[in-house]
Amino acid sequence: MHVKKGDLVQVIAGKDKGAKGHVIATLPHEDRVVVEGVNMIKKHSKETHQGPRGAKTGGVQTMEGPIHVSNVKKLKDEKPAEKKAAEKKADETGEDS
């Protein structure tokens, strides 16, 4: 896989083409990734009375569904670039860390 959890990606194919977001989860055995805000699906859940805290509320939940890893492109994060630039600048001035 060319992406991992936390990477900034852009969708290059499908109904959400052009959308950007961070990878929430990777599913390497299925070659799929879950990206925040992309491929939103509705999941219907039934009210249950099992579990450690009693009743679980039912209803319709909206959540992200997985998309194929070939439909995403890894983007450069701005934050690490700024950090590296600051470190390089400090090295050029000869300051100690």
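Position 1 is the first residue of the sequence; numbering continues from there.
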Starting from [X] and following side-chain heavy-atom contacts under 4.5 Å between hydrophobic residues (I, L, V, M, F, W, Y), which residues can be reached?
| X | result |
| --- | --- |
| V60 | none |
| I41 | M63 |
| M1 | V3, V9, V11, V23, V33, V35, V38, I67, V69, V72 |

Would you name the heavy atoms of [X] and [Y] that are closest together and state the gap between them?
| X | Y | answer |
| --- | --- | --- |
| P66 | N39 | O-ND2, 3.1 Å |
| I12 | K17 | O-CE, 3.5 Å |
| H68 | D31 | CD2-O, 3.5 Å |

Measuring from [X]:[atom1] to [Y]:[atom2], what's the distance to the nearest 0.5 Å?
| X | Y | atom1 | atom2 | value |
| --- | --- | --- | --- | --- |
| D7 | K73 | CG | NZ | 14.0 Å |
| Q10 | D16 | CD | CG | 12.0 Å |
| K4 | H2 | NZ | NE2 | 13.0 Å |

Side chain E64, main chain G37, donor-acceptor under 3.5 Å: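 Here the side-chain-to-backbone pair exists.
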N71 side chain vs A13 backbone, donor-acceptor pair below 3.5 Å: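 No; zero donor-acceptor contacts below 3.5 Å.
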More than 12 heavy atoms of other groups within 6.0 Å of K43 NZ: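 For K43, atom NZ is not crowded (no more than 12 foreign heavy atoms under 6.0 Å).
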